[in-house]
Number of protein chains: 2
Amino acid sequence: MDTYSLGMSKIFQKKETRRSELIPVITQAFVDLGYNRATTAELARRCELRENELYRLWDSKKSMFISAIQCIYAGTMSEWESLAKSRGNESLAEKIISYQAANHGKAGFFRIIFAGLQEVNDPEIKSALREMYQQFHSTFVSLILEHHGESDAKTADEAVAEAKLVAWALIGIGAIADIDRSINLTSATQRKRLINGVGRDLLEMLA
Amino acid sequence: MDTYSLGMSKIFQKKETRRSELIPVITQAFVDLGYNRATTAELARRCELRENELYRLWDSKKSMFISAIQCIYAGTMSEWESLAKSRGNESLAEKIISYQAANHGKAGFFRIIFAGLQEVNDPEIKSALREMYQQFHSTFVSLILEHHGESDAKTADEAVAEAKLVAWALIGIGAIADIDRSINLTSATQRKRLINGVGRDLLEMLA
DNA sequence: CCAAACTGTAAGTGTCCACTTACAGTTTGT
DNA sequence: ACAAACTGTAAGTGGACACTTACAGTTTGG
């Protein structure tokens, strides 16, 4: 399938831009429906294409899903970046907690993860998820350390180890908020309180 | 399908005992594989039956899944009860945290929940899950309150509200530990530390 | 201007899976 | 003993779904 002429590169670029136009739509479908229920027919419908047109852009549903994982990751990161630039005297970590409390589950971060883990048992997908998750976690760890500043009684190693735990805990809170939301377990208000309340307590736990 | 004669009740009882023999096997299949990948063929294979024999005991795969949800719930509760009876000067809440730290994900509590939420979009299943989750949560709340004892500076209402948050947070930690485990994100040691460390801190948060 | 590559539309194909039917053999209650 | 109910075995059925093929119409580069 590779091609050598110079002219081709333009075509491939076009293909790439086409993919990047469609991937948010596809991602949303996976978030809404999970892996199996997001059928190729449904993906095509949402993209306003025929199925075989989708298959001209991706070679399998699996590769669409992997693109979606990357899309979610990139989207979350860019949201956090704009939070970093926003005004306010809170630390970025605090801003993120407030933001997540207000928009829990919007990005569908966890929905994608659950879908990838449970519905498909594919090593490629698992490693894509692992990668995303680890990057997400390590970003969180940096934010937590930054939040507390350099001047700590503890040694750097201790602080990092504890920040890692707290980061997992925060991710856990997000997960449960997502689950909560998807079965309408509690009210939106309560969910918000959960993230804001417990999230901040966790953040201060190191101190 | 109902029947009136007295003799029938014995048959139904037999059917019931048959179901209760098989349901742990079926539950384990759903835990291992999720909803879709646990095909009726696979369920039958694990039960050492033919598919239509399964369908003599349950009228659909969905009802097998609902039975599995109830099985998981009952199993977890009875485990906790035996922990309550075990010796040791910790509170039951602390015992549960230690136990979960050692056996995270064994029961497949969260796997079942994720499967039910994502893979099927069925009101009956959602309400079965919601019920289980709420009972689980309220049991946890009682345990947390019990752990702290009656003598608190706060009013009862405040204590309950905070215990509810903490209970969700603990469930969240469990969820993330399960995810972690299923993609081998961190080591078992780290996971154990996460549950034990953060779990206990959360438990003390009220104080 | 024309050939090569792309886009749009429609109709499959093969496979998997939940669920069913048919039927012979065995219990069970009376 | 005998009918009614149950168990075991085997073979379907219908539908959904990932993925493909065919082909006519349109761009595009040289």
Side-chain angles (χ1 to χ4, degrees), chain A residues 1-19 21-22 26 29-30 32-68 115-116 118-122 124-125, chain B residues 1-19 21-22 26 29-30 32-68 115-116 118-122 124-125:
Chain A
M1 291 295 164
D2 278 11
T3 177
Y4 310 97
S5 80
L6 215 103
M8 289 307 137
S9 68
K10 285 184 187 170
I11 288 161
F12 279 163
Q13 223 166 11
K14 231 174 179 174
K15 206 169 171 176
E16 234 354 280
T17 58
R18 202 79 211 287
R19 282 166 58 122
E21 279 166 25
L22 294 174
I26 290 179
F30 281 124
D32 293 344
L33 303 168
Y35 189 82
N36 287 299
R37 283 164 54 226
T39 63
T40 50
E42 172 68 10
L43 295 175
R45 198 188 61 74
R46 290 193 182 208
C47 291
E48 290 174 303
L49 289 175
R50 314 275 151 174
E51 286 184 61
N52 69 341
E53 290 179 287
L54 269 185
Y55 279 96
R56 282 174 188 152
L57 298 168
W58 286 273
D59 62 344
S60 66
K61 183 178 171 180
K62 194 174 99 179
S63 62
M64 297 174 209
F65 188 70
I66 288 175
S67 294
Q118 269 274 350
E119 298 190 51
V120 283
N121 197 23
D122 184 276
E124 228 175 305
I125 286 178
Chain B
M1 290 296 164
D2 279 9
T3 177
Y4 310 97
S5 79
L6 215 103
M8 288 307 138
S9 69
K10 285 183 186 170
I11 288 162
F12 280 161
Q13 223 166 13
K14 230 176 183 174
K15 206 169 172 178
E16 232 356 277
T17 58
R18 203 81 210 286
R19 283 166 58 120
E21 278 165 27
L22 294 174
I26 290 179
F30 281 125
D32 293 344
L33 302 168
Y35 188 82
N36 286 298
R37 283 165 53 226
T39 63
T40 50
E42 173 68 12
L43 294 175
R45 199 188 58 76
R46 290 193 183 208
C47 291
E48 290 174 304
L49 290 175
R50 315 275 152 175
E51 287 184 61
N52 68 342
E53 290 179 287
L54 270 186
Y55 279 96
R56 282 175 188 151
L57 298 168
W58 286 273
D59 63 344
S60 65
K61 184 178 169 182
K62 194 175 99 180
S63 63
M64 297 174 207
F65 189 69
I66 288 175
S67 295
Q118 269 274 349
E119 297 190 52
V120 283
N121 197 23
D122 185 276
E124 226 175 307
I125 287 179

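Values below: every heavy atom of this structure, side chains too, minus hydrogens, waters and symmetry copies. Proteins get letters first, then strands, A, B, ... in listed order; numbering begins at 1 in each.
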* Phosphate OP1/OP2 of dA10(D) contacted by Arg50(B) side-chain N/O (<4.0 Å) -> yes
* Between P of dT21(D) and CD of Glu51(A), the distance in whole Å -> 15 Å
* Structure fact -> Regarding the side chain of Glu53(B), the nearest nucleotide among dG8(C), dC19(D), dG8(D) is dG8(D)
* Structure fact -> Whole-Å distance, Tyr55(B) OH to dG8(D) P, equals 18 Å
* Quick one: which of dG8(C), dT7(D), dC19(C) gets closest to the side chain of Arg56(B)? -> dT7(D)
* Asked: Within a strict 4.5 Å, meaning less than it, do heavy atoms of the Trp58(B) and Ile26(B) side chains meet?
  -> yes
* To do: Would you classify Thr40(B) as touching base, sugar-phosphate or nothing, given that sugar-phosphate means primed atoms plus P, OP1 and OP2, and contacts are heavy atoms under 4.0 Å?
  => base
* Asked: Roughly, in whole Å, what's the span from CG in Asp59(B) to P in dC19(C)?
  -> 9 Å
* **Main-chain N/O of Thr39(B) paired to Glu42(B) side chain as donor or acceptor, under 3.5 Å** => no
* Any donor and acceptor pair, going by atom type alone, linking the side chain of Glu51(B) with main-chain N or O of Thr40(B) inside 3.5 Å? -> no
* Structure fact -> Arg18(B) atom CZ is separated from dT7(D) atom C1', nearest whole Å, by 8 Å
* Asked: Starting at CD of Glu42(A) and ending at P of dC17(D), how long is that distance when rounded to a whole Å?
  -> 10 Å
* Asked: Choosing from dC19(D), dC19(C), dA18(C), which nucleotide comes nearest the side chain of Thr39(B)?
  -> dA18(C)
* Asked: Mind checking who dC23(C) pairs with, Watson-Crick or G-U wobble, both distances under 3.5 Å?
  -> dG8(D)
* Which whole-number value in Å describes the distance from Leu49(A) CG to dT7(C) C1'? -> 10 Å
* So which nucleotide from dA10(D), dA18(C), dA18(D) ends up closest to the side chain of Asn52(B)? -> dA10(D)
* **Sub-4.5 Å side-chain heavy-atom contact between Arg46(A) and Leu33(A)** => yes
* **Nucleotide dA10(D), atom P - distance to CG of Leu54(B) in whole Å** => 16 Å
* Rounded to the nearest Å, what distance is computed from the CZ atom of residue Phe65(B) to the P atom of nucleotide dC17(C)? -> 17 Å
* Asked: Between the main-chain N or O of Ala115(B) and the side-chain N or O of Gln118(A), is there a donor-acceptor pair closer than 3.5 Å?
  -> no
